[in-house]
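Input: a single structure, listed below in structure tokens.
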Number of protein chains: 2
Amino acid sequence: MPHYERVEKVRLLVVDDDPPIADLVATVARYEGWQAITANSGEEALRLAAEFHPDIVVLDLMLPDLDGFGVLDRLRGAGTMVPVVFLTARDGVADRVAGLTRGGDDYLVKPFAVEELMARLRTVLRRSAGPGFQRSVLRVADLMMDEDTREVRRGDKLLTLTPTEYEVLRYLMRKSPTVLTKAQILDHVWEYGFGGRSNVVELVVSRLRRKLDDTGTPLIHTVRGFGYVIRQAAE
Amino acid sequence: MPHYERVEKVRLLVVDDDPPIADLVATVARYEGWQAITANSGEEALRLAAEFHPDIVVLDLMLPDLDGFGVLDRLRGAGTMVPVVFLTARDGVADRVAGLTRGGDDYLVKPFAVEELMARLRTVLRRSAGPGFQRSVLRVADLMMDEDTREVRRGDKLLTLTPTEYEVLRYLMRKSPTVLTKAQILDHVWEYGFGGRSNVVELVVSRLRRKLDDTGTPLIHTVRGFGYVIRQAAE
DNA sequence: CCGCAGCTGTCAAAAAGCTGTCGTACATCT
DNA sequence: AGATGTACGACAGCTTTTTGACAGCTGCGG
């Protein structure tokens with residue numbers, strides 16, 4: 001299912017002092033087939049990095065001891081060029097991070113949506129794999145989504161999606177032809193901690209359908225009492 | 001019968017302060033050939049987890065001492081990455097759980113149907129078994145059920161089932177060619193504590209037959225005075 | 001050929017899903 | 001700063017589907 005070619009499992013090190021968050025990320029990654037370990041402090045992170053040799057690191061900036069920047073410096077100081085994706089608080093040090101995100105690194109603001117984090121990790125990995133990296137394009141029937149350009153087309157028609165619509169569609173496409181429950185969609189696409197108990201998912205699906213099923217046959221199907229799938233109509 | 005490959009028995013730890021519920025789950029699991037133990041408090045759960053090394057945990061959120069979240073934290077703190085399926089009251093802390101379940105752990109609302117719980121446990125186990133996990137497809141004669149896409153076909157014909165029909169059929173197929181009593185079906189597919197003492201099972205079977213026996217030879221057979229089976233032919 | 005288990009049509013209540021409207025928040029442009 | 005536009009999600013009304021109670025009928029097995 002992964003779209004970057006790799007023989008071995010991706011090795012991910014997650015560094016966050018909040019264990020639930022670190023677990024969350026590690027668990028999602030494992031479900032993608034990755035190998036993930038967590039560290040809850042800067043020192044622990046450095047120790048684990050040295051022996052685990054991660055392919056990518058998720059690094060919270062706010063750590064009890066050494067902060068995220070410090071960890072990065074010492075990683076680099078040790079000669080590791082492993083790419084890093086930072087996590088920062090909403091109104092944190094966004095600008096300083098931005099400065100650090102060249103060279104394939106990236107950052108995300110907390111609270112984030114799980115799918116978005118995974119998408120960024122995949123992108124960073126893909127880019128850091130060297131020049132001539134593969135474009136990532138998802139296809140379902142005549143629907144196409146280019147994850148690099150964020151272009152979405154149904155046949156020839158270019159669609160304009162809002163960020164939420166885009167994320168929901170991507171998740172559906174990634175998992176196609178598996179049926180997803182509304183809860184799964186909510187849990188993966190919305191930020192963790194989102195309280196919205198309303199019908200947001202239905203609403204976004206409704207809007208999505210209007211945009212993409214308006215040309216051609218319906219692609220997003222309701223599985224009553226269960227959830228949604230995107231796939232070519234099964235006869 | 002399990003569809004994920006495993007040489008040893010699955011080891012399940014059930015944590016619920018209501019002994020009947022914990023036992024119910026453990027019993028069903030044992031009947032599936034699993035090895036199951038129960039704990040009625042958070043502390044006991046941690047103690048048992050340490051020595052039993054479960055492959056999966058069913059964890060009620062409402063516990064007398066340490067609550068479900070606390071248990072999870074301490075499990076994780078001890079470095080256990082065992083997957084967890086939570087149980088919560090109907091309009092309890094569903095949203096808080098959501099935050100924890102994004103990873104791939106799952107949750108179910110009480111009162112639940114036993115088959116649904118087992119299905120989720122199987123799914124979680126299957127996914128956490130690593131990348132490239134097997135699709136789960138059940139077959140009986142020319143009837144096929146794909147548990148991921150929820151597609152059900154008789155020969156080429158795609159069937160559209162309601163949630164209840166789907167669950168009853170899945171249970172029958174899973175147990176095929178064993179004959180199941182109406183009581184067993186009722187107990188496994190409907191939520192525990194379901195009051196309906198009417199002929200619901202007969203009704204659903206009737207509807208199922210109309211949908212799937214309409215093409216080809218009958219597959220669901222009545223064993224008069226006992227129950228139902230699904231299988232090729234009753235010779 | 002009788003009696004009872006099983007089958008199924010009908011129907012009303014409940015659940016699930018869809019979508020229009022609107023207020024708020026945030027970003028962008030002038 | 002003010003104006004304009006876009007995105008999001010709460011809410012509510014409405015439609016469709018599902019479910020199970022009830023009751024009468026069927027037909028199996030003795």
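In what follows, chains are A, B, ... by sequence order, proteins preceding strands, each numbered from 1.
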Terminal helix-axis angle for the helix from C:dC1-D:dG30 to C:dT30-D:dA1, with five pairs defining each axis and rounding to 10 degrees: 30°
Interatomic distance where CG belongs to A:L208 and P belongs to C:dT19 [whole Å]: 12 Å
In plain terms, say whether A:K182 and A:D187 are close enough for a salt bridge, that is, a side-chain N and a carboxylate O under 4.0 Å apart. no
Take atom CG of B:L161 and atom P of D:dT17, then tell me their distance rounded to the nearest Å. 15 Å
From NZ of B:K211 across to P of D:dT17 the rounded distance in Å is 11 Å
I want to verify a distance call: between D:dG20, D:dA7, C:dA16, whose nearest atom is closest to the A:R224 side chain? C:dA16
Side-chain N or O of B:R207 less than 4.0 angstrom from OP1 or OP2 on D:dT18? no
Distance test, side-chain N/O of B:T222 to OP1/OP2 of C:dC7, below 4.0 Å: yes
Separation of B:E202 atom CD from D:dT26 atom C1', in whole Å? 13 Å
Does B:S206 put a side-chain nitrogen or oxygen below 4.0 Å from OP1 or OP2 of C:dT8? yes
Would B:D142 and B:K157 pass as an ion pair if we require N to O under 4.0 Å? no
Please pick, from C:dT8, D:dA12, D:dT19, the nucleotide with the shortest atom-to-atom distance to any side-chain atom of A:N199. D:dA12
To the nearest angstrom, the CG-P distance between B:L186 and C:dG6 comes to 14 Å
May I ask you to decide if A:R231's main-chain N or O and A:H221's side chain share a donor-acceptor pair within less than 3.5 Å? yes
Length of the line joining A:F194:CZ and C:dA25:C1', which is rounded to integer Å: 14 Å
Donor-acceptor contact below 3.5 Å, side chain A:D16 vs main chain A:D60: no
Using a cut-off of 4.0 Å on non-hydrogen atoms, how would the nucleic acid contact of B:Y228 be classed: base, sugar-phosphate, or nothing? sugar-phosphate
Between A:K182 and C:dG17, is there a side-chain N or O to OP1/OP2 distance below 4.0 Å? yes
In whole Å, what is the span from the CD1 atom of A:I220 to the C1' atom of C:dT19? 15 Å
Run A:R30 and A:E32 through salt bridge (Lys or Arg N to Asp or Glu O under 4.0 Å) and show every step you take. CA-CA 5 Å; A:R30 292 199 184 96; A:E32 288 282 310; over 6 Å; no
Against the side chain of A:T164, the closest entry in D:dC8, D:dG9, D:dT19 is D:dC8
Any idea which of D:dG9, C:dG6, D:dG20 is nearest the B:V200 side chain? D:dG20
Distance check: side-chain N/O of A:W190 vs OP1/OP2 of D:dG9, anything under 4.0 Å? yes
Counting only heavy atoms from other residues, nucleotides and ligands, does the tally under 6.0 Å from CE of B:M144 exceed 12? yes
Within the side chain of A:E167, is there an N or O that forms a donor-acceptor pair under 3.5 Å with the backbone of A:T164? no
A:Y166 has an atom OH; how far is it from atom C1' of D:dA7, in whole Å? 17 Å
Using 4.0 Å as the upper bound for N to carboxylate O, is an ion pair formed by A:R154 and A:D213? yes
Nearest to the side chain of A:L203, which nucleotide is it out of C:dT8, C:dT19, D:dC8? C:dT19
